[in-house]
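Notes follow once the structure below has been shown.
Keep in mind it's a predicted model, so treat the numbers as computed, not measured. Quick note: residue numbers are just sequence positions, from 1.
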Amino acid sequence: MKELIDMTRISRYLSEFGLEKVFPEPLRQHMSLYRFEPDETLILQGEESQILFLLVQGKVKVYTTSTEGKTLLINFTTPLGLIGEIECLKGWENLNTVTAVSAVETIGIHKRWLSQYREEAPFLRFLLDMVTHKFYLKSISLSFNLLYPVEVRLASYLLSISSEDENEIQASISVSKLKDTANLIGTSYRHMNRVLQSFCSAGFVVRRSGTLVVKDRLGLITVAGRNIYESAEGREHL
């Protein structure tokens with residue numbers, strides 16, 4: 001994580017997402033820009049959140065881990081998204097772990113400043129809108145996504161970790177981490193491996209030097225129908 005004090009860039013992001021009137025001017029003075037590299041952790045399950053993150057660039061993965069060490073993917077989040085808002089405001093431990101999938105930029109506000117301004121009406125409406133939207137999507141994810149076939153879950157996962165830009169290098173997964181991937185999408189490694197073999201035969205992915213590389217996003221989209229881990233419902237800027 002790299003913290004930057006760059007008010008010009010922060011103001012540009014606030015303008016881009018129509019948030020100039022949401023955050024009181026005094027609160028803006030306490031904002032910082034945080035950058036995360038792929039696989040870096042933004043918040044860790046079980047720890048106490050100190051910073052509310054407003055995701056303004058990149059993509060993050062949200063997952064939970066059981067006491068037995070099993071992980072379950074909840075969703076992927078893209079801008080505009082809030083991370084750690086309930087935990088910061090209530091002083092609770094993080095329910096989930098959030099890690100960067102791509103290079104990520106967030107606007108961060110330490111929780112000690114949030115308590116001073118959370119009664120501001122525009123800010124309060126913004127938090128309410130974002131929190132209700134998030135919990136609606138999570139409710140769908142947790143109650144419905146596991147009902148999809150493994151083919152759809154795996155295709156959706158691969159779509160979420162790969163780039164939509166054909167000019168960029170496609171994402172890859174280390175073969176050594178495939179068991180973790182199976183846990184994340186809620187299936188056995190054996191079953192997922194059978195699905196991967198069919199994806200390889202179809203040319204959607206290839207195994208190369210100990211990694212699994214996404215080669216055909218359109219093929220995966222055909223299998224998934226839609227990406228079940230990412231909302232297709234756009235959020236209007238406030």
Side-chain angles (χ1 to χ4, degrees), residues 35-42 53 55-64 71-81 83 96-106 134 137-138 140-142 144-235:
R35 292 180 180 172
F36 297 86
E37 297 303 318
D39 295 326
E40 270 198 275
T41 299
L42 283 73
F53 292 111
L55 178 65
V56 291
Q57 183 175 300
K59 182 186 294 185
V60 297
K61 177 171 64 179
V62 184
Y63 61 94
T64 189
T71 56
L72 180 64
L73 178 64
I74 296 175
N75 61 11
F76 289 85
T77 300
T78 54
L80 182 67
I83 301 168
N96 306 305
T97 295
V98 179
T99 60
V101 175
S102 63
V104 162
E105 286 196 355
T106 67
K134 175 189 287 189
L137 294 180
K138 283 188 176 180
I140 293 174
S141 173
L142 291 175
F144 193 55
N145 286 351
L146 285 180
L147 299 179
Y148 281 98
V150 173
E151 289 82 358
V152 173
R153 281 180 264 161
L154 181 57
S156 294
Y157 181 82
L158 293 172
L159 286 170
S160 288
I161 65 167
S162 62
S163 170
E164 296 181 13
D165 187 345
E166 293 182 357
N167 295 319
E168 292 185 9
I169 297 174
Q170 294 295 289
S172 62
I173 307 174
S174 170
V175 171
S176 64
K177 294 183 178 180
L178 289 180
K179 287 186 177 180
D180 293 334
T181 301
N183 281 334
L184 280 172
I185 66 173
T187 189
S188 67
Y189 173 70
R190 179 176 296 179
H191 190 171
M192 189 189 73
N193 202 41
R194 287 197 296 267
V195 175
L196 277 177
Q197 289 176 4
S198 69
F199 284 4
C200 288
S201 298
F204 303 154
V205 296
V206 296
R207 293 179 184 265
R208 181 188 301 159
S209 302
T211 60
L212 188 73
V213 182
V214 175
K215 296 296 292 183
D216 183 1
R217 282 182 54 86
L218 289 178
L220 292 173
I221 290 171
T222 299
V223 173
R226 69 174 183 86
N227 190 336
I228 64 173
Y229 295 123
E230 295 185 33
S231 171
E233 174 186 345
R235 222 191 134 267

Between [atom1] of [X] and [atom2] of [Y], what distance do you get to the nearest 0.5 Å?
| X | Y | atom1 | atom2 | value |
| --- | --- | --- | --- | --- |
| Asn183 | Ser188 | CG | OG | 10.0 Å |
| Tyr63 | Thr97 | OH | OG1 | 4.5 Å |
| Leu184 | Thr71 | CG | OG1 | 4.0 Å |
| Arg194 | Thr187 | CZ | OG1 | 8.0 Å |
| Phe36 | Ser102 | CZ | OG | 12.0 Å |
| Leu42 | Asn96 | CG | CG | 12.5 Å |

Is any side-chain heavy atom of [X] closer than 4.5 Å to a side-chain heavy atom of [Y]?
| X | Y | result |
| --- | --- | --- |
| Tyr229 | Ile185 | yes |
| Ile83 | Thr77 | no |
| Val60 | Leu55 | yes |
| Ile221 | Leu159 | yes |
| Met192 | Leu154 | yes |
| Thr78 | Glu230 | yes |
| Asp39 | Thr99 | no |
| Ile228 | Arg153 | yes |

For residues Ala155 and Ala224, report the shortest heavy-atom separation together with the two atoms involved. CB-CB, 4.0 Å
Polar side-chain atom of Thr106 near backbone of Phe53 as donor-acceptor pair, under 3.5 Å: no
Show every donor-acceptor pair shorter than 3.5 Å between a side-chain atom in residues 196-209 and any protein atom, with sequence neighbours excluded, or say none if there are none.
from   : atom 1 : to     : atom 2 : distance (Å)
Ser198 : OG     : Val195 : O      : 2.6
Ser201 : OG     : Gln197 : O      : 3.0
Arg207 : NH2    : Asn193 : OD1    : 3.0

Between Ser160 and Asn227: side-chain donor-acceptor atoms closer than 3.5 Å: yes
Within 45 degrees of the axis of the six-membered ring of Phe76 and under 6.0 Å from its centre: does Lys61 put its NZ or CZ there? no
